[in-house]
Every structure is written in C-alpha cells, then in structure tokens.
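Each ligand, and each atom within it, is numbered from 1 in the order the structure gives. Computed from a predicted model, the values in this text were never measured in an experiment.
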Amino acid sequence: MAKLKEEGVKVGLAVIIVGDDPASRVYVNNKKKACEEIGIYSEEYALPSEATEQEVIDIINTLNERDDISGILVQLPLPKHINETNIINAISYKKDVDAFHPVNVGKIMTGDFDFLPCTPAGVMELIKESGVSVEGKECVVIGRSNIVGKPQAMLLLHQNGTVTICHSKTKNLKEVTKRADILVAAVGRPKFVTADMVKEGAVVIDVGINRTEEGKLVGDVDFENVKDTAYAITPVPGGVGPMTIAMLMKNTVKAARLLANK
Ligand code: GUN
C-alpha cells in the first residue's frame, strides 16, 4: 500500500448500506475491517430503510467524481422500493468493484475483463488451491443468480470446464450433481447438498451462508456427511466468505491502478 501511495495511486472504498438487515451489516463490517487491516481508506454511507432511490443515486454520483475513491459498493439486497438495476447502473463501471455493472458483466462474458465478481473469483482461487485443474472437468453450479451462479459458470467455462447450471426447475437434480468433478453450491438453503448428491472424490465449494433457527451459520452443503465423499470441501463459515473479501480488496486496488493509469 505504501508503494502505491508513493506512486500517487489513491486507493479508497466507499460502501453504501441501506436499511438494517443484520446479515448485510455483518458483511459490511467485515469489508471495512479488511480495508483497515491492509491500509485501504474506506467510507461508509449507512442510510435508513426509508431512503429514496434518488438519495442513493446522488451519493453515487458524488463518489463517481471523487479521485480518492477507487471502488464503490452498494450492499445488496436493497429495500423493495429501490430498483437494484438503477443503482448498479449509476455506479461508474470503472469503480464497480463488485463487477455487477452491465459493462463489466459483458466483459466477463467475452473474457476481456478488468474485474471479476468477488464471490465467483474467490471460488476459482479455492478450486486452484485444491490442486484440481478445471480443464475438461464436469463442473456443476447449483444456483443461477447474477451475483454468483451465472458468472461462476462463465469463469469455469473460461478455464475450459464442461459446465452445467442447475436451478429450482432442474429435473433429476441428484443425477446431474452426481456427475460433478467440481460442484459449486449457491442455493441459499441450509444443508441442501447431501452426500448422496456428490460424486466420490469431487471438489465441493459451498457458497451458502444460512442462519439456522438457533442462530448458527451453516452452508448449503451438509458438511459433516459430504466431507468423507469429497476430495476437497470448503467449510462455512471460513471458506468462501473470507475469499470474497480478499477479492474485493484486490478489485479495489486494481480499480485504483486503472484510474491512475498505473
Ligand atoms: N450481497 C450479497 N453478496 C454481495 C456482494 O458480493 N456484493 C454486494 N454489493 N452485495 C452482496
């Protein structure tokens, strides 16, 4: 960070949070903490749930113009009366460290990208760490959200995986997931993936963060039972979550470099 400062590269992250969703509050706090730990300047804009779409857009417009802010992140989900697409589109694509802006989504599709969305990028790092190459492998993603499922499939495809996306209308889900050498679960349902859905020796990445009635954090995968079937598996908490934040830090620094042409 000191070297960047010397080079005149200003790294700063602005985080906007609207309303009082407890999970969003935890995620935003973790992002701010990571910034502090590595020396990235950060600012938080915490708006009440009644804030209007225009109020959020006004803040974004100001941040777009500031040269000390390289990344702008609006924590999702937003309250129902605020249109998520309008908010994402208002962020300068050059400061879009989530890579949710249509310009960045398009760049991911063609492979000519500056930023990768943080969670799918973190998943790719975890797969790499397992030592298993994606090339030629059967990759199954459960979930088709714009934040995880769709970009995840594209990143696996870029690394020459044979990719299937499953969703709530998929027939014979178990038959499909059982084919997977690499299985990514992004469903949002606790312990959705059971041992009988997993191929022996698969790499299993759990993107889910669900809170049980007792307040315990659990993933989408039944970890205790699947761990014996899988070759490698990520825990929740402590698996994908910290990687998402690491990728956000990487994107914020990269945005600063690109903005400074360095
Ligand atoms: N809500 C859940 N995941 C994310 C994320 O990666 N970025 C933002 N902005 N909101 C989220």
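- Side-chain N/O atoms of Lys31 and Gln75 include a donor and acceptor closer than 3.5 Å.
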In residues 146-158, what donor-acceptor pairs under 3.5 Å come from side-chain atoms, sequence neighbours left out?
| residue | atom | partner | partner atom | Å |
| --- | --- | --- | --- | --- |
| Asn146 | OD1 | Lys150 | NZ | 2.8 |
| His158 | NE2 | Ile108 | O | 2.8 |

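- In terms of modelled atom types and a separation under 3.5 Å, the side chain of Thr164 and the main chain of Val140 share no donor-acceptor contact.
- Near ligand 1, residues Lys31, Leu73, Val74, Gln75, Leu76, Asp98, Phe100 come within 4.0 angstrom through at least one heavy atom.
- Judged purely by atom type and a 3.5 angstrom limit, Asp220 has no side-chain atom pairing as donor or acceptor with the backbone of Pro190.
- Between Lys3 and Glu7, at least one side-chain nitrogen of the basic residue sits less than 4.0 Å from a carboxylate oxygen of the acidic one, meeting the salt-bridge criterion.
- No side-chain N or O of Asn61 forms a donor-acceptor pair with one of Asp58 less than 3.5 Å apart.
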